[in-house]
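Accompanying notes for the structure given below.
First the proteins, then the strands, lettered A, B, ... as listed; each starts at 1.
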Number of protein chains: 2
Amino acid sequence: MSPRRRDAEGTATARAGRRAELLAVAAEVFASRGYSATTVREVADAAGILGGSLYYHFDSKESMADEILSTFLDDMWTSYDRVLAAGLGARETLAAVVAESFRCIDAHRPAVVLYQNESKHLATSPRFAYLLDSHRRFEEMWLGLLERGVREGVLRADLDRPLVYRFIRDTVWVAAGWYRPGGRLTAGEIAKQYLAMVLEGIQAHPPTP
Amino acid sequence: MSPRRRDAEGTATARAGRRAELLAVAAEVFASRGYSATTVREVADAAGILGGSLYYHFDSKESMADEILSTFLDDMWTSYDRVLAAGLGARETLAAVVAESFRCIDAHRPAVVLYQNESKHLATSPRFAYLLDSHRRFEEMWLGLLERGVREGVLRADLDRPLVYRFIRDTVWVAAGWYRPGGRLTAGEIAKQYLAMVLEGIQAHPPTP
DNA sequence: CATTCTTTCTAACAACTGTTTGGTAGAGTA
DNA sequence: TACTCTACCAAACAGTTGTTAGAAAGAATG
C-alpha cells in the first residue's frame, strides 16, 4: 500500500462515511414525513447543512432513496440466502426467516418504512425495477416455503396459500411502522411472539385430556 | 314540502352527488399515487375536469382527504358500535369485528389505503385530530376485547397484549393494499381465513390420538 | 324570450420544488 | 507560504404546486 493509495482510500472511505451519515438522516426524514412530502431542504436541515449541499454527495433526491432501499435489500437478501442455504426443515426455515426479518427491521427501520410506504409508487420508475425483482423473489420464496411446509406436514393444508403468503409478509413488515429500537421489547422477543401467533394462533388451546 | 324547498333539496342532493363522485375519484388517485405525490390537476384529470374546477366543490386538497377519511371512519365506527353493543362473547365479538373490518375494506378500499399510508402524517395537523381520537378508540377497543378474551378463557394469556393488538390491527388493515373487489376471494372469504389464521395459527395440528 | 343558477374553463398568482452554478472557508500537503 | 482538495454556502434557475378571480357555457326557471 503506497502512501498515495492509502490517501486515496482514506478520502474515499471518509467520503463514503459522510454519505452513509447523510443517508441515515435522509432515511429517517423520508420515513417520518413520507418520501414525496419531504423536501431536500428538510433533509439538509436535519443534517445541519443547506439544501444545495446535498448535491455534492448525491445526484438527486431519487438517488438517495435508491441507495437507502438497495442497501437495505442487499443486506436482507444476504441474510435470507444464508438461511435458505442452511438446509433446515420448513418450519425451522420459516422461523429463521421471520427472525431475520425482525433483525432487518431493527437494523434498517427507516429504510423498511420507506420500502413499505413508497416501493409501490417508486417501482413504476425503471430505476427502481429491482424493487419488483425483490418483490417477486420474496413471493417465490414464501410460496415455496409454505408449500414445502404443507408437504412436510408441519403447516395446515386447508388455507389459501397466496393468502397465507400475504398474511405473513404483511404481518412481519408492518411492525416497522411502530417498532422502536430500545423499546419495551427487543426485536428478538417480538419475533418470538409473532412466530407463536402465526404458527399457533392466539386462541387458547383446550386442555388435552 | 313546498316546490321551493323541493328544488333546494334537489340541487343540494345533486351537488352532494357530484361531490361524492369527485371524492371517489380523488380517493382512488390518492390511494394509488400517494396523497402528497398527487396533484390536484391529476385528480381533476381523472374526473375529466380542470384543476381549478375542483375548488368550486372543495375548499382545498386537504379538505378532500378530510372528507374521504371522515366518511370512512364514520361508517366504520357505526359498524363497530353495532357489533360491540350486541353483547356477544369475546370470541364472537372478535370474529364479528374482523369481519366488519373486511367489509369496510371492501366498501372503502381507497379510503382505507389513504388512511393506512397517510394518517400518521396528516394527524400532525389539528384539522385531522379525529384521526388520533379514532386511533385511541381503536386501541382501547382491541385491548379491552383481548383482555376480555383472556378472562373468558378463549384467548391465550401468555402473549404480550399490546403486541397482539398491533398484530391484529395491522394484519387486518394492510389487506387493503392488495385486496381487489371482484377478485378471486370475496371479502367474506378472506375474513374467514384470516380469522382462522389469527385464532388457530397456520401450523398443522397434530392428530389428537 | 330573458334571467338566474350551476358548473366548468381560462388564466393567472405566489410559494415552493429539485437542481445548478460559482464562490469560499479550512484542512492537508509540499 | 503557496497550492490543492474537500465540503459546504449563497444565490439563483425553471418548473410545478395549491389556489384564486373572472368569464363563459349550458341547463333550469320565469
Side-chain angles (χ1 to χ4, degrees), chain A residues 2-26 29-30 33-68 118 121-122 125 127-128, chain B residues 1-26 29-30 33-68 114 118 121-122 125 127-128:
Chain A
S2 73
R4 188 116 152 224
R5 215 174 130 210
R6 214 174 66 208
D7 283 4
E9 274 177 15
T11 57
T13 55
R15 190 149 165 173
R18 185 59 174 142
R19 277 178 78 90
E21 270 181 43
L22 293 173
L23 283 176
V25 170
V29 182
F30 285 161
R33 293 166 116 87
Y35 173 69
S36 39
T38 301
T39 71
V40 296
R41 286 168 179 83
E42 282 171 341
V43 173
D45 258 21
I49 60 179
L50 263 64
S53 304
L54 282 173
Y55 289 80
Y56 173 74
H57 300 276
F58 306 100
D59 286 344
S60 63
K61 180 188 178 186
E62 212 183 45
S63 78
M64 296 187 224
D66 192 341
E67 203 161 327
I68 292 168
E118 322 280 355
H121 317 128
L122 291 174
S125 154
R127 163 169 211 167
F128 290 94
Chain B
M1 261 189 223
S2 73
R4 187 116 152 223
R5 198 154 152 233
R6 214 176 63 209
D7 283 3
E9 274 177 14
T11 56
T13 55
R15 189 148 163 174
R18 184 61 175 141
R19 276 178 77 91
E21 270 181 42
L22 293 173
L23 283 176
V25 170
V29 182
F30 285 160
R33 293 166 115 88
Y35 173 68
S36 38
T38 301
T39 71
V40 295
R41 286 168 179 85
E42 281 171 341
V43 172
D45 257 22
I49 60 178
L50 264 62
S53 304
L54 282 174
Y55 288 80
Y56 171 74
H57 300 275
F58 306 99
D59 286 344
S60 62
K61 179 187 178 187
E62 213 182 45
S63 79
M64 296 187 223
D66 192 341
E67 203 160 328
I68 292 167
L114 184 65
E118 322 280 356
H121 318 129
L122 291 175
S125 154
R127 162 167 212 168
F128 290 95

Distances under 3.5 Å between nitrogen or oxygen atoms of protein and nucleotides 18-26 of chain C:
| residue | atom | partner | partner atom | Å |
| --- | --- | --- | --- | --- |
| C:dG18 | OP1 | A:Thr38 | O | 3.2 |
| C:dG18 | OP1 | A:Lys61 | NZ | 3.1 |
| C:dG18 | OP2 | A:Val40 | N | 3.0 |
| C:dG18 | N7 | A:Arg41 | NH1 | 2.9 |
| C:dG18 | O6 | A:Arg41 | NH2 | 2.9 |
| C:dT19 | OP2 | A:Tyr55 | OH | 2.5 |
| C:dT19 | OP2 | A:Lys61 | N | 2.8 |
| C:dT19 | O5' | A:Tyr55 | OH | 3.2 |
| C:dT19 | O4 | A:Arg41 | NH2 | 3.4 |

Query raised in the report: Within less than 4.0 Å of OP1 or OP2 of C:dT8, is there a side-chain N or O belonging to B:Tyr56?
Result: no
Query raised in the report: Would you say a side-chain N or O of B:Arg18 is under 4.0 Å from OP1 or OP2 of C:dT6?
Result: no
Query raised in the report: Do the side chains of A:Leu54 and A:Met64 get nearer than 4.5 Å, heavy atoms only?
Result: yes
With sequence neighbours left out, write down each residue that passes side-chain contact (heavy atoms from CB on, under 4.5 Å) with [X], or none if nothing qualifies.
X: A:Glu21; value: A:Arg18
X: B:Ser60; value: B:Glu62, B:Ser63, B:Arg127
X: A:Ser36; value: B:Ser36, B:Ala37

Atom pairs, protein N/O to nucleotides 22-25 of chain D N/O, distance under 3.5 Å:
none

Query raised in the report: How many angstroms lie between atom OH of B:Tyr35 and atom CG of B:Leu114, to the nearest 0.5 angstrom?
Result: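 Output value for this atom pair is 8.5 Å.
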Query raised in the report: Can you name the salt bridge (Lys or Arg N to Asp or Glu O under 4.0 Å) partners of B:Glu118, sequence neighbours left out?
Result: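 Partners of B:Glu118 by the salt bridge (Lys or Arg N to Asp or Glu O under 4.0 Å) criterion come out as none, since no residue qualifies.
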Query raised in the report: Between A:Ser53 and A:Ile49, is there a donor-acceptor pair closer than 3.5 Å when you use the side chain of the first and the backbone of the second?
Result: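 No, A:Ser53 side chain to A:Ile49 backbone: no donor-acceptor pair under 3.5 Å.
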[X] [atom1] to [N] [atom2]: how many Å, rounded?
X: B:Ile49; N: C:dA11; atom1: CD1; atom2: P; result: 18 Å
X: A:Arg19; N: D:dC8; atom1: CZ; atom2: C1'; result: 16 Å
X: B:Glu21; N: C:dT8; atom1: CD; atom2: C1'; result: 14 Å
X: A:Leu22; N: D:dA7; atom1: CG; atom2: P; result: 10 Å
X: B:His57; N: C:dT7; atom1: NE2; atom2: P; result: 6 Å

Report task. With pairs defined as Watson-Crick or G-U wobble and both distances under 3.5 angstrom, please note down DNA chain D as a dot-bracket string, | for pairing with another strand. Result -> ||||||||||||||||||||||||||||||
Query raised in the report: From the list C:dC9, D:dT6, C:dT7, which nucleotide is the closest neighbour of the side chain of B:Leu50?
Result: C:dC9
Side-chain donor-acceptor contacts of residues 40-47 of chain A below 3.5 Å, not counting sequence neighbours, with atom names and distances?
| residue | atom | partner | partner atom | Å |
| --- | --- | --- | --- | --- |
| A:Glu42 | OE1 | A:Thr39 | N | 3.1 |
| A:Glu42 | OE2 | A:Arg33 | NE | 3.4 |

**Report entry** Distance-minimising heavy-atom pair for A:Phe128 and A:Leu122
**Finding:** CB-O, 3.5 Å
Query - Pairs where residues 36-59 of chain B contributes a residue and the test ring pair (Phe, Tyr, Trp, His ring centres under 6.0 Å) is met, not counting sequence neighbours - result: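 Residue pairs with at least one partner in residues 36-59 of chain B: there are none.
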